[in-house]
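Report on one structure; see the data block that follows.
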Amino acid sequence: MIDKRVKSIAEAMQGIKDGSVVLFGGFGAVGHPKHLIDGLIEQGAKDLTLVGNNAGSGRVEPLVRLLATGRVRKIICSFPRSSGSVVFDEMHKAGKLELELVPQGTLAERIRAAGAGIPAFYTPTAYGTALAEGKEAREFNGRMHLLEHAIKADVALVEAWQADRWGNLTYKLSGRNFNPIMATAADLTIVQTQHIVELGDIGPENTHTPGVYVNRVLHVPYGDPEPALVPTT
Amino acid sequence: MTTTAARAEAASVEGFKPWTRPEMAARLARDIPEGWCVNLGIGIPLLVSNFVKGREVIFQSENGIIGMGGLQKPEELEPWLVNAGKQNVNLVTGASIVHHADSFAMIRGGHIDLCVLGAFEVAANGDFANWTTSLTDGVPAVGGAMDLAVGAKRLWIIMDHTSKNGGTKLLEQCALPLTALKAVSRVYTNFAVLDVGPKGFEVVDMAPGLTMAALQAKTGAKLVAKAA
């Protein structure tokens, strides 16, 4: 019987090696697997390269606390700056945390490509800008493009809404973001899910990520992300 | 007094009335036909969505929403829905959600009719700069601007005509790090609407009371006659 459910965070994070490239889902707080990041702090792997859209805000969320441990060598990211990204700012300025800044669509496609077995691709994004430095440029159909390489990872940390024992997944609303592509791009895909459902309950047309991409599923029914309402005066 | 109000007062002394931000957004929205799929950047561009009432315009948010509605009210709270600025938003009836790679495939693949962004500088050849004022100071962040700029069918910029200290933002050449080359087709400012034509900025519309000579004096690139 296939059963990818694990019983503890320690079991979920077992075997992550020093030097790993770790993808983490989320767009800000939504769809962000913060309990797995907490687990990574506990697990203790170091010399990590993290890949995700943001670099955290404040000082208490797990991603920020992971950065503060000094066990992250590099972050590959599209939008590290935010009003509260103090820990990233401090560590980056102090030279303790390397940054590879990547346009958001290029970041997504580099992850997607890795999961689809494409080692590199050409894109018009960022041609002629400071982010094109050192990259091969080539003309197609009269337009210049840059060669971008896939980001193949050792580990993907994913947040799902529902999961079954095969690891079939759904995501809630904009909690989807980077999660489905990250699930495809790592040797070890670990999922934290709000709900565990019976095999067959999700239904074939409604499965966002087939379980073939998933290795471990941990049930973490933590509730909702922090609201981000804009005050309307 | 806010900077905007102070500038408006100064400008009124010069004999014309600059458009306010809502007026700029409404002026831009007038040019969006029913049926377009539009991506709005964070900040002033988002205001545009308030001025398309009565027309079905589909708003795309690059974090994977097609059919984004307005900002949520406290009683509507759905914390699992955020826009590209990570604000809680609503969906409209008919909306769909995709993952990030599909969202940017939609953008890069030319399926978005219009992208509206803010900018620090726009050049007469359509180059623009909006992502960083320095490559060495501070923490950089780029987000989806570079992808949107090269991918959308057309890119319009909405911004103040001059900087906070009165400097020109419409230039022959950008001085700041570029977001994309030859990408901008139209600029909506608080002073004027300008097309980026083959020879440079062409004036489409001006704020009430403004003359061509006064507009030229506030513009760092030569204004040219509309190409035939």
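Reminder, nothing fancy here: chain letters follow the sequence lines and each chain counts from 1. FYI, side chains are in, hydrogens and waters are out, and symmetry mates aren't considered; it's all heavy atoms of this structure. These numbers come from a predicted model, not from an experiment.
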Completion exercise
Distance col, row A:L101:CG vs B:W131:CH2, nearest 0.5 angstrom, shows 5.5 Å

Problem - Value rounded to 0.5 Å, distance of CD in A:Q104 from CG in B:N63 - result: 7.5 Å

Handout entry: Interatomic spacing from OG1 in A:T184 to NE2 in B:H99 - rounded to 0.5 Å
Key = 8.0 Å

Handout entry: Note, B:L81 side chain near A:V30 side chain (heavy atom, < 4.5 Å)
Key = no

Fill in the blank from the handout: dist B:I65:CD1 -> A:R176:CZ (nearest 0.5 Å) comes out at 11.0 Å

Exercise for the section: Measure the NZ-OG distance between B:K86 and A:S174 for me, rounded to the nearest 0.5 Å. Expected result: 11.0 Å

Problem - Check: B:D147 side chain, A:T106 main-chain N or O, donor-acceptor pair, under 3.5 Å - result: yes

Exercise for the section: Report the option among A:S78, A:A132, A:A108 that has the most heavy-atom pairs separated by less than 4.5 Å from atoms of chain B. Expected result: A:S78

Exercise for the section: Please answer whether the main-chain N or O of B:A180 pairs with a side-chain N or O of A:T129 as donor and acceptor at a distance below 3.5 Å. Expected result: no

Practice task
Check each atom of A:Y127 against the heavy atoms of chain B and say whether the ones under 4.5 Å are side chain, backbone, both or neither.
Solution key: both

Exercise for the section: May I ask you to check whether over 12 heavy atoms, not counting those of A:W166, lie within 6.0 Å of atom CH2? Expected result: no

Practice task
Answer yes or no: are there more than 12 heavy-atom neighbours, outside B:E34 itself, under 6.0 Å from its atom CD?
Solution key: yes

Problem - Atom NZ of B:K182: over 12 foreign heavy atoms under 6.0 Å - result: no

Handout entry: Part of A:N53 lying under 4.5 Å from any heavy atom of chain B
Key = side chain

Exercise for the section: Give the member of A:R143, A:E226, A:H208 that has the highest number of heavy-atom pairs under 4.5 Å with chain B. Expected result: A:R143

Exercise for the section: Find the one option among B:S61, B:P140, B:G64 whose heavy-atom pairs under 4.5 Å with chain A are most numerous. Expected result: B:P140

Handout entry: Region of B:T132 that comes under 4.5 Å of a non-hydrogen atom in chain A
Key = neither

Exercise for the section: Determine whether more than 12 heavy atoms belonging to other residues, nucleotides or ligands lie under 6.0 Å from atom CD of A:E139. Expected result: yes

Fill in the blank from the handout: In terms of heavy-atom contacts, B:P79 and A:D224 come closest through CG-CB, 3.6 Å

Handout entry: Aromatic plane relationship, B:H100 with A:F27 - under 30° parallel, 30 to 60° tilted, over 60° perpendicular
Key = tilted

Practice task
Examine whether an atom of B:E76 lies under 4.5 Å from a heavy atom of chain A, and if so say whether it belongs to the side chain, the backbone or both; otherwise answer neither.
Solution key: neither

Fill in the blank from the handout: Smallest heavy-atom separation, A:G223 atom then B:W80 atom, equals O-CZ2, 3.6 Å

Problem - Option in A:L107, A:V102, A:N54, A:L99 with maximal non-hydrogen atom pairs under 4.5 Å from chain B - result: A:N54

Problem - chain A interface, residue from B:L178, B:V82, B:D102 that has the most non-hydrogen pairs under 4.5 Å - result: B:V82

Problem - Enclosure of B:E172 CD (heavy-atom neighbours >12, cutoff 6.0 Å) - result: yes

Handout entry: Atom of A:G105, atom of B:R108 and distance for their closest heavy-atom approach
Key = O-NH2, 2.9 Å

Problem - Residue part contacting chain A, namely of B:V98, when any heavy atom lies under 4.5 Å - result: backbone

Problem - Option in A:S85, A:P124, A:A113 with maximal non-hydrogen atom pairs under 4.5 Å from chain B - result: A:P124

Problem - Region of B:L148 in contact with chain A, defined by heavy-atom distances below 4.5 Å - result: neither

Completion exercise
So, the part of A:K93 with a heavy atom under 4.5 Å from chain B: the answer is side chain

